[in-house]
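All heavy atoms count here, side chains included; hydrogens, waters and symmetry mates do not.
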Amino acid sequence: DDIYSLISLLSQDFGKYYYKAEQNIALKDLKVKKDKNKIIESAKYSGAHEFITKLKYGYQTPLNPRFNRGTDLSTGQWQKVALARSFYKDSPIIILDEPTSAIDPKSEFEIFNKLFTFTKDKTVIIISHRFSTVRNAERIIVVDNGKIIEDGTHEELMKINGKYKEAFEIQKKGYV
């Protein structure tokens with residue numbers, strides 16, 4: 001329990017919980033009174049607040065169309081709700097596995113700009129194959145076959161001419 005309380009995890013295969021939007025973000029303990037301001041702040045950082053407030057019942061909307069007054073979300077919207085859940089937990093260590101894989105590039109950019117503000121005094125571990133996600137990290141660790149093969153900033157890794165640079169150049173070709 002002590003270790004669990006220190007870590008927030010958003011896996012690539014995040015959970016969809018068919019509670020109200022508010023409960024989905026503050027999932028920690030459904031019996032404990034929720035901090036509405038913290039729920040909204042977490043949703044703003046994740047990009048979920050904008051679409052949640054447009055739902056007919058806002059944060060009180062059940063996130064399942066089979067429920068009375070319920071609705072479904074797109075995969076990208078679900079990912080933003082799951083990201084808000086990670087922020088709501090407010091752990092000192094946040095692990096994000098492909099945290100924006102289902103999110104459009106504009107939203108991804110906005111989320112990462114907010115992420116660095118929100119996580120100022122936290123340890124954030126981001127697992128990603130997307131260079132738009134990792135290139136601004138303070139430290140990038142390249143893993144191949146379960147072993148660390150490179151370690152440094154984006155600039156340092158580009159000078160090494162190793163796997164990181166090779167993968168970066170391949171991904172870059174899709175944009176040039």
Side-chain angles (χ1 to χ4, degrees), residues 2-16 24-28 38-53 73-176:
D2 290 341
I3 291 172
Y4 176 76
S5 71
L6 297 173
I7 300 171
S8 277
L9 169 67
L10 172 61
S11 71
Q12 188 171 352
D13 298 321
F14 52 88
K16 295 179 181 181
N24 212 298
I25 293 169
L27 193 61
K28 207 162 128 180
K38 189 174 173 184
I39 290 169
I40 291 169
E41 178 186 30
S42 300
K44 284 181 178 178
Y45 276 112
S46 76
H49 179 73
E50 185 176 325
F51 72 81
I52 290 173
T53 56
L73 302 177
S74 70
T75 304
Q77 289 172 323
W78 270 114
Q79 193 163 33
K80 288 177 183 182
V81 169
L83 187 56
R85 187 180 316 128
S86 294
F87 294 157
Y88 184 83
K89 188 173 176 187
D90 199 23
S91 303
I93 301 169
I94 301 174
I95 301 172
L96 304 171
D97 179 9
E98 298 290 2
T100 56
S101 61
I103 296 175
D104 65 274
K106 181 179 182 275
S107 294
E108 178 184 41
F109 178 80
E110 292 168 358
I111 288 168
F112 278 105
N113 280 339
K114 293 174 190 172
L115 177 70
F116 295 121
T117 302
F118 179 79
T119 60
K120 184 178 173 228
D121 297 320
K122 299 177 185 297
T123 299
V124 180
I125 300 168
I126 300 173
I127 302 159
S128 183
H129 296 92
R130 294 167 73 166
F131 289 93
S132 59
T133 301
V134 301
R135 78 180 290 169
N136 293 322
E138 290 177 19
R139 181 178 180 196
I140 300 167
I141 298 172
V142 181
V143 178
D144 189 32
N145 291 321
K147 295 187 175 154
I148 296 173
I149 59 167
E150 297 171 15
D151 182 351
T153 64
H154 172 76
E155 291 76 20
E156 292 167 344
L157 294 174
M158 291 302 286
K159 290 177 186 173
I160 292 173
N161 290 321
K163 284 258 189 199
Y164 179 88
K165 183 175 181 180
E166 177 186 344
F168 181 84
E169 294 297 334
I170 289 168
Q171 203 170 98
K172 185 172 89 171
K173 286 180 184 177
Y175 296 102
V176 185

Separation of [Y] [atom2] from [X] [atom1] (nearest 0.5 Å):
X: Leu9; Y: Arg85; atom1: CG; atom2: CZ; result: 10.5 Å
X: Arg139; Y: Glu156; atom1: CZ; atom2: CD; result: 10.5 Å
X: Asp97; Y: Leu10; atom1: CG; atom2: CG; result: 8.0 Å
X: Ser5; Y: Ile93; atom1: OG; atom2: CD1; result: 9.5 Å
X: Ile52; Y: Lys44; atom1: CD1; atom2: NZ; result: 12.0 Å
X: Leu27; Y: Ser86; atom1: CG; atom2: OG; result: 10.5 Å

TODO: Count the heavy atoms belonging to other residues, nucleotides or ligands that lie under 6.0 Å from NZ of Lys122, then report whether that count exceeds 12.
DONE: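 Yes - once you tally the heavy atoms of other residues, nucleotides and ligands closer than 6.0 Å, there are more than 12.
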
TODO: Please assess Phe168 against Val134 for the test side-chain contact (heavy atoms from CB on, under 4.5 Å), listing each intermediate value before the final yes or no.
DONE: CA-CA 11 Å; Phe168 181 84; Val134 301; over 6 Å; no

TODO: Would you check, one step at a time, whether the test side-chain contact (heavy atoms from CB on, under 4.5 Å) holds for Ile160 with Lys165?
DONE: CA-CA 8 Å; Ile160 292 173; Lys165 183 175 181 180; over 6 Å; no

So, for [X] and [Y], which heavy atoms are closest and what is the spacing to 0.1 Å?
X: His129; Y: Gln171; answer: O-NE2, 2.8 Å
X: Ser42; Y: Ala84; answer: CB-O, 3.5 Å
X: Phe14; Y: Thr75; answer: CZ-O, 3.9 Å
X: Leu6; Y: Pro92; answer: O-CD, 3.3 Å
X: Ser91; Y: Ile7; answer: OG-C, 3.4 Å

Task: Among Glu50, Gln77, Lys80, the one residue meeting side chain to side chain donor-acceptor pair (under 3.5 Å) with Ser107 - done: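 Only one option passes, and that is Lys80.
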
Would you check if [X] and [Y] make a side-chain contact, meaning some heavy-atom pair closer than 4.5 Å?
X: Ile140; Y: His154; result: yes
X: Val81; Y: Phe51; result: yes
X: Leu83; Y: Leu96; result: yes
X: Tyr4; Y: Lys89; result: yes

TODO: Test Lys38 against Glu41 for salt bridge (Lys or Arg N to Asp or Glu O under 4.0 Å), laying out the working first.
DONE: CA-CA 5 Å; Lys38 189 174 173 184; Glu41 178 186 30; over 6 Å; no

Open item on the list: Between Lys163 and Glu166, does any NZ, NE, NH1 or NH2 come within less than 4.0 Å of an OD or OE carboxylate oxygen?
Closed with: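 Lys163 and Glu166: not salt-bridged.
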
Open item on the list: Between Lys106 and Glu110, does the salt bridge (Lys or Arg N to Asp or Glu O under 4.0 Å) criterion hold? Intermediate values first, please.
Closed with: CA-CA 6 Å; Lys106 181 179 182 275; Glu110 292 168 358; 2.9 Å; yes

